[in-house]
There are 2 protein chains.
Amino acid sequence: MSLAHALLTSLLEQPSSGYDLARRFDKSIGHFWQATHQQIYRELGRMEKAGWIRSEPDPEAGRTRKRTYLVLPAGREELMRWAAEAAPLTELRDEFLVRLRADAVIGPLDMVPELARRRALHAEKLRAYHAIEARDFAPEAEPTRQRRIHHLILKAGIQYEQGWIVWYDEALQVLGKD
Amino acid sequence: MSLAHALLTSLLEQPSSGYDLARRFDKSIGHFWQATHQQIYRELGRMEKAGWIRSEPDPEAGRTRKRTYLVLPAGREELMRWAAEAAPLTELRDEFLVRLRADAVIGPLDMVPELARRRALHAEKLRAYHAIEARDFAPEAEPTRQRRIHHLILKAGIQYEQGWIVWYDEALQVLGKD
DNA sequence: TCCAACTATGCAACCAGTTGCAAAACTGTA
DNA sequence: TACAGTTTTGCAACTGGTTGCATAGTTGGA
């Protein structure tokens with residue numbers, strides 16, 4: 001049940017409404033744990049029922065239905081318990097590699113344009129990560145522990161995208177010969 | 001619906017029973033597209049109903065229920081159609097990074113032993129991939145197109161594991177200071 | 001001969017993630 | 001004022017992956 005814990009983390013960083021949470025999520029934790037707004041609303045409902053969070057009408061909401069969610073002590077404890085658990089390794093799970101293996105047995109199907117497209121998408125993501133890095137993690141005298149960890153997490157994304165770019169370059173070489 | 005196509009690929013490489021398929025899967029396509037035996041049996045049933053594969057009692061089965069599955073022309077065509085489609089990028093989705101971010105907001109929880117454990121598991125996987133590489137892709141004069149692609153796919157796994165090892169080394173440095 | 005382990009298949013229930021749709025209020029503009 | 005677009009929330013149905021369990025035959029050893 002990772003999504004609940006991802007939401008607890010995000011709400012501890014900053015209490016907010018489901019909608020704001022969903023948008024903030026896309027730009028932070030969403031880089032390595034994606035969720036749709038549907039999932040988020042459903043999960044917030046469950047978490048409130050479980051007593052991990054509570055909600056109140058947003059003070060600036062006027063007559064809208066907007067509600068702000070806050071983490072309760074029980075939620076905080078649950079998050080600590082969970083964070084200290086051992087987690088299974090995240091295995092590589094890539095549908096495109098299945099397609100490539102299909103091509104190996106029934107091909108050639110000319111995967112080159114698709115390889116190039118995918119390489120470009122990875123390069124685009126990498127560029128976006130580098131932009132975040134330049135903006136949020138400029139070299140400075142004394143970064144906090146939290147900032148050091150956030151930077152580290154971002155670097156996982158950078159490493160991941162760079163790895164794919166290297167690999168796609170090799171793939172283009174191998175499959176470009178057909 | 002990737003699993004069906006992964007199974008079609010595997011059955012084209014070699015017709016076999018659900019059980020054998022499941023075991024072979026673990027050692028080939030399973031490296032980048034995991035599936036339990038339950039999923040595989042269910043999917044084989046669907047594919048047979050869809051006319052993509054057919055089955056016959058295994059000739060060497062004796063009185064067991066063992067059945068061999070074979071890809072039909074419709075299955076082959078479906079696989080070609082699917083393999084040529086554009087696939088969405090596989091995004092990084094790593095529960096441990098969520099835990100790390102949780103640690104950043106409520107910690108420190110001493111993630112060092114878990115970091116070390118995970119690094120070791122990645123190193124173990126990398127070692128296994130290198131063993132496969134040495135066994136199946138020894139440098140030779142004229143590798144077939146299929147072998148070149150299989151090697152390329154394996155290299156994606158190698159790249160992936162190496163990337164994580166580099167990252168965990170850095171993570172141990174950053175979190176080791178606490 | 002009996003039992004444990006392995007081969008081989010499958011049902012049922014559940015959980016998480018996805019998709020399509022829509023309600024209800026607000027905001028800006030033609 | 002009417003309409004399009006955005007904010008905010010949510011229902012319902014579906015798909016795919018997970019877990020626990022069951023069945024039935026085979027094999028090898030105590």
Side-chain angles (χ1 to χ4, degrees), chain A residues 1-8 11 15-27 29-30 32-50 53 55-69 82 87-95 98, chain B residues 1-8 11 15-27 29-30 32-50 53 55-69 82 87-95 98:
Chain A
M1 215 205 286
S2 276
L3 179 55
H5 299 92
L7 297 179
L8 284 174
L11 287 176
S16 47
S17 67
Y19 188 81
D20 291 338
L21 187 57
R23 285 198 312 176
R24 200 146 47 81
F25 208 74
D26 282 348
K27 288 172 195 162
I29 299 184
F32 50 90
W33 196 270
Q34 300 78 41
T36 61
H37 80 271
Q38 257 318 310
Q39 269 175 283
I40 290 174
Y41 281 118
R42 184 168 48 179
E43 208 59 41
L44 286 172
R46 284 181 195 158
M47 288 158 72
E48 188 162 23
K49 205 177 276 181
I53 57 176
S55 65
E56 53 191 34
D58 193 295
E60 292 159 24
R63 287 195 299 153
T64 60
R65 287 180 289 172
K66 192 168 182 176
R67 300 186 69 75
T68 296
Y69 289 89
W82 176 83
L89 279 205
T90 304
E91 309 214 45
L92 181 56
R93 187 177 185 85
D94 190 324
E95 161 176 354
V98 181
Chain B
M1 217 204 285
S2 277
L3 178 55
H5 299 92
L7 296 179
L8 284 174
L11 287 177
S16 47
S17 67
Y19 188 82
D20 291 338
L21 187 57
R23 284 198 313 175
R24 199 147 47 79
F25 208 74
D26 282 349
K27 288 171 194 162
I29 299 183
F32 50 90
W33 197 267
Q34 301 79 41
T36 62
H37 80 271
Q38 257 318 311
Q39 269 176 281
I40 290 175
Y41 282 120
R42 182 169 49 178
E43 208 58 42
L44 285 172
R46 284 180 194 160
M47 287 158 72
E48 188 163 24
K49 206 178 276 180
I53 57 177
S55 66
E56 54 191 34
D58 192 301
E60 292 159 25
R63 287 195 298 153
T64 61
R65 285 181 290 173
K66 192 168 182 176
R67 302 187 68 75
T68 296
Y69 289 89
W82 176 82
L89 278 206
T90 304
E91 309 215 46
L92 181 56
R93 186 178 185 86
D94 189 322
E95 159 176 355
V98 181

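Being a predicted model, the structure only gives us computed values, none of them experimental.
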Self-check item: Test side chain to side chain donor-acceptor pair (under 3.5 Å) applied to B:Arg42 - qualifying residues, sequence neighbours left out
Solution: none

Quiz prompt | Main-chain N/O of B:Ala87 paired with A:Glu95 side-chain donor or acceptor, under 3.5 Å | solution = no

Self-check item: Residue pair A:Ala35 / A:Leu3: nearest heavy atoms and the distance that separates them
Solution: CB-CD1, 3.7 Å

Exercise. Would you indicate which nucleotide in C:dG17, C:dA8, D:dT19 comes nearest to any side-chain atom of B:Tyr19?
Key: C:dA8

Quiz item: Rounded to whole angstroms, how far apart are CZ on B:Arg67 and C1' on D:dA24?
Solution: 16 Å

Quiz prompt | Between P of C:dT7 and CG of B:Asp20, the distance in whole Å | solution = 10 Å

Quiz item: Could you state the NE2-P distance from A:His37 to C:dC21, rounded to the nearest angstrom?
Solution: 13 Å

Exercise. Mind running a 4.0 Å heavy-atom check of residues 40-49 of chain B against DNA chain D and sending the residues that fall below it, in number order?
Key: B:Arg42, B:Arg46

Exercise. Give a yes or no answer on whether the side chain of B:Glu91 reaches the backbone of A:Gln34 with a donor-acceptor pair at less than 3.5 Å.
Key: no

Practice problem: Take atom CZ of B:Arg93 and atom P of D:dG17, then tell me their distance rounded to the nearest Å. | Solution: 13 Å

Quiz prompt | Partner residues of B:Trp33 under the ring-ring contact (aromatic ring centres under 6.0 Å, His included) criterion, sequence neighbours left out | solution = none

Quiz item: Closest to the B:Leu3 side chain: C:dT7, C:dT18, D:dG17?
Solution: D:dG17

Practice problem: Mind calculating the distance between CD (A:Gln39) and C1' (D:dG16) to the nearest angstrom? | Solution: 13 Å

Quiz item: To the nearest Å, how far apart are B:Lys66 NZ and C:dG10 P?
Solution: 13 Å

Practice problem: Go through C:dA12, C:dA8, D:dT9 for me and flag the one nearest to the B:Gln38 side chain. | Solution: C:dA12

Quiz item: Quick one: A:Leu21 CG to D:dG10 P, roughly how many Å, whole number?
Solution: 13 Å

Quiz item: Does the side chain of B:Ile53 come within less than 4.5 Å of B:Leu7's, by heavy atoms?
Solution: no

Quiz prompt | For atom CH2 of A:Trp33 and atom P of C:dT18, their distance in whole Å | solution = 10 Å

Quiz item: Do the side chains of B:Thr90 and A:Leu92 get nearer than 4.5 Å, heavy atoms only?
Solution: no

